[in-house]
A.B. asks: 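Once you've had a glance at the structure underneath, I'll fire off some questions.
Indexing begins at 1, ligand by ligand and atom by atom, following the structure's order. What you are looking at is a predicted structure, and each value in this text was computed from that prediction instead of being measured.
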Amino acid sequence: MHTTMRQFRDRATKYGLERAECTDCGRMNDPSAELCYHCGGDAFEDVTLSRRGEVKTYVVQHILPETFDTPLPIAIVETPEGGKVLGMFTEVDDPHAIEMGEQVTIELKRFDRQDGQVLYEPKFRREGGETA
Ligand SMILES: [Zn+2]
């Protein structure tokens with residue numbers, strides 16, 4: 001069944017791991033993209049990213065509103081499909097022990113409700129525990 005752009009955007013907002021794969025160059029785009037960021041193509045396939053990936057970069061945030069636990073690592077994780085996901089780590093004892101290239105599990109945590117829809121955001125969990 002054909003998915004309209006609006007349905008795709010709604011689902012992407014709801015579930016957080018939906019991407020648009022360019023049928024010309026194969027690279028991942030945000031589901032709201034109308035043209036490929038990489039090659040300018042305009043045809044896409046819907047892709048749901050895997051729930052694991054590798055840390056490409058991260059920062060440790062020390063100053064945040066008091067509803068957050070600090071220091072808080074915030075990372076960009078790349079999935080095997082080549083999709084990049086921005087999110088916060090969850091339950092990390094030593095944020096400075098995170099390694100570049102480390103494999104993490106991507107969990108979707110419920111964070112809000114909008115127009116009757118539950119919204120989810122990605123959170124990263126270390127797979128190897130706290131062994132540094
Ligand atoms: Zn492209």
A.B. asks: For the pair Arg19 and Glu21, find out whether any cationic side-chain nitrogen is under 4.0 Å from an anionic carboxylate oxygen.
C.D. replies: no
A.B. asks: Output every pair passing salt bridge (charged side-chain N to carboxylate O under 4.0 Å, His left out) with a member in residues 64-77, not counting sequence neighbours, ordered by first then second residue.
C.D. replies: none
A.B. asks: Could you enumerate the protein N, O or S atoms under 2.8 Å from the Zn ion (ligand 1), written like residue then atom name?
C.D. replies: Cys22 SG, Cys25 SG, Cys36 SG, Cys39 SG
A.B. asks: Assess whether salt bridge (Lys or Arg N to Asp or Glu O under 4.0 Å) is satisfied between Lys84 and Glu78, documenting all intermediate values.
C.D. replies: CA-CA 4 Å; Lys84 292 187 176 69; Glu78 186 173 313; 3.4 Å; yes
A.B. asks: Taking the side chain as C-beta and beyond, is there a heavy-atom pair between Phe44 and Cys36 under 4.5 Å?
C.D. replies: yes
A.B. asks: Decide yes or no for Val92 and Phe124: does some side-chain heavy atom of the first lie under 4.5 Å from some side-chain heavy atom of the second?
C.D. replies: no
A.B. asks: Any side-chain heavy-atom pair from Leu17 and Arg51 closer than 4.5 angstrom?
C.D. replies: yes
